[in-house]
There are 2 protein chains.
Amino acid sequence: MAVPPPLMAIGALSRRTGCKIETIRYYERIGLLPAPARSRGGHRHYGEGALKRLDFILRARGLGFPLDSVRGLLDLADGEGRSCAQVERIAVRHLKDVRNKLADILVMEKVLAEMVAECRGGTMPDCPLIEALFNED
Amino acid sequence: MAVPPPLMAIGALSRRTGCKIETIRYYERIGLLPAPARSRGGHRHYGEGALKRLDFILRARGLGFPLDSVRGLLDLADGEGRSCAQVERIAVRHLKDVRNKLADILVMEKVLAEMVAECRGGTMPDCPLIEALFNED
DNA sequence: CCTTGAAGCTGTAGCTACTACAGGTTTTAT
DNA sequence: ATAAAACCTGTAGTAGCTACAGCTTCAAGG
């Protein structure tokens, strides 16, 4: 019935996911990806399942989830069941972190932009940007 | 004439700047702070100059400048002269980085917020957030 | 002066999330 | 059969700290 699923080497998985080979091996080492089948010579061979899982990891990482949270999400995804509440907790927590970072970066952008604006046009002996960093408030 | 300037131990410098002791020593190790005077017993003693310099570093770091850029800014600040153009280059470069990160984080925030919104209220067997991470686009 | 507790010292290892080798083996294409 | 590409393991490096362990010194009270 089932045609044996096509296996790919780590390089193919890397190409198809855009994830570097070293990173794939790293994810395996830290237990995010299961150890795949091996050829007689020891080369890794992956099925489509690994590809889906790696894509999941990469999407979560792309949203900034730390690896620990990704691990948690994968566990919840693996264990079928009413995971929604726990998933939400992880996501809400991360969203809060993201918003905090966002607030920080917005401030940085504003202050930097102002500093640069003041700097621009100045061939002054004393750079106002340097002064700003030296003088409190 | 000049009353010898009051010296402080590393703990006092730490308290006055809000910078952890270990971090101060770290900055010294990597050459951002000059090696201070020492007591006979080997304890570090700092003057007001060190305080100003550390404050400068902390403000630059607070604006997200990487340590390498901080080093560059300090060099320019040290070497008196028309540093403005070079300072501006460093700052503009950093501002660009900050804006890139800002754009990334804004996307993250939006997507995450949407995901969480969909998750909320769901005691579904299949969490939509997990699904979203599993299914491409 | 002596003691004691706080504060300081050095050096090393750990953290996140990879990335980059070196030095070898296997696979694949010719 | 050979040669090049791909793969293997293991280790070390990146940024920017932070946290010990195991000791020494300093300052204040008695």
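Labels below follow one simple rule: chain letters A, B, ... track the order of the sequence lines, proteins then strands, and each chain is numbered from 1.
If you measure from atom CG of Leu54(A) to atom P of dA17(C), you get 16 Å, rounded to the nearest angstrom.
Annotation: side chain of Asp78(A) is in contact with side chain of Arg53(A) (closest heavy-atom distance under 4.5 Å). Side-chain contact check for Gln86(B) versus Ile90(B): every heavy-atom pair is 4.5 Å or farther apart. Counting heavy atoms from C-beta on, the side chains of Met115(A) and Glu118(A) never come closer than 4.5 Å. Side-chain contact between Leu133(B) and Asp55(A): absent, with no pair of heavy atoms (C-beta onward) separated by less than 4.5 Å.
Within residues 25-46 of chain A, the residues that place at least one heavy atom under 4.0 Å from DNA chain D are, in residue-number order, Arg25(A), Arg38(A), Gly42(A), His43(A), Arg44(A). Listed by residue number, Ala9(A), Ile10(A), Gly11(A), Ile21(A) are the residues of residues 8-24 of chain A with a heavy-atom contact under 4.0 Å to DNA chain D. A heavy-atom distance below 4.0 Å to DNA chain D is reached by none of the residues of residues 91-107 of chain B.
Contacts classified as ring-ring contact (aromatic ring centres under 6.0 Å, His included) and involving residues 34-60 of chain A (residues at least two apart or in different chains) are given here: Phe56(A)-Phe134(B).
Of the inter-residue distances, the one linking Arg99(B) atom CZ with His94(B) atom NE2 reads 11.0 Å to the nearest 0.5 angstrom.
With respect to the salt-bridge test (charged N to carboxylate O, under 4.0 angstrom), the residues Lys52(A) and Glu48(A) do not qualify. Between Asp104(A) and Lys101(B) there is no salt bridge, since none of the side-chain N atoms of the basic residue sits less than 4.0 Å from a carboxylate O of the acidic one.
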Table please: side-chain donor-acceptor pairs of residues 60-71 of chain A below 3.5 Å, with sequence neighbours left out.
{"from": "Arg61(A)", "atom 1": "NH1", "to": "Phe65(A)", "atom 2": "O", "distance (Å)": "2.5"}
{"from": "Arg71(A)", "atom 1": "NH1", "to": "Ile30(A)", "atom 2": "O", "distance (Å)": "2.7"}

Side-chain donor-acceptor pairs of residues 17-28 of chain B under 3.5 Å, sequence neighbours excluded:
{"from": "Thr17(B)", "atom 1": "OG1", "to": "Leu13(B)", "atom 2": "O", "distance (Å)": "2.7"}
{"from": "Thr17(B)", "atom 1": "OG1", "to": "Ser14(B)", "atom 2": "O", "distance (Å)": "3.4"}
{"from": "Thr17(B)", "atom 1": "OG1", "to": "Cys19(B)", "atom 2": "N", "distance (Å)": "3.2"}
{"from": "Glu28(B)", "atom 1": "OE1", "to": "Arg44(B)", "atom 2": "NE", "distance (Å)": "2.7"}

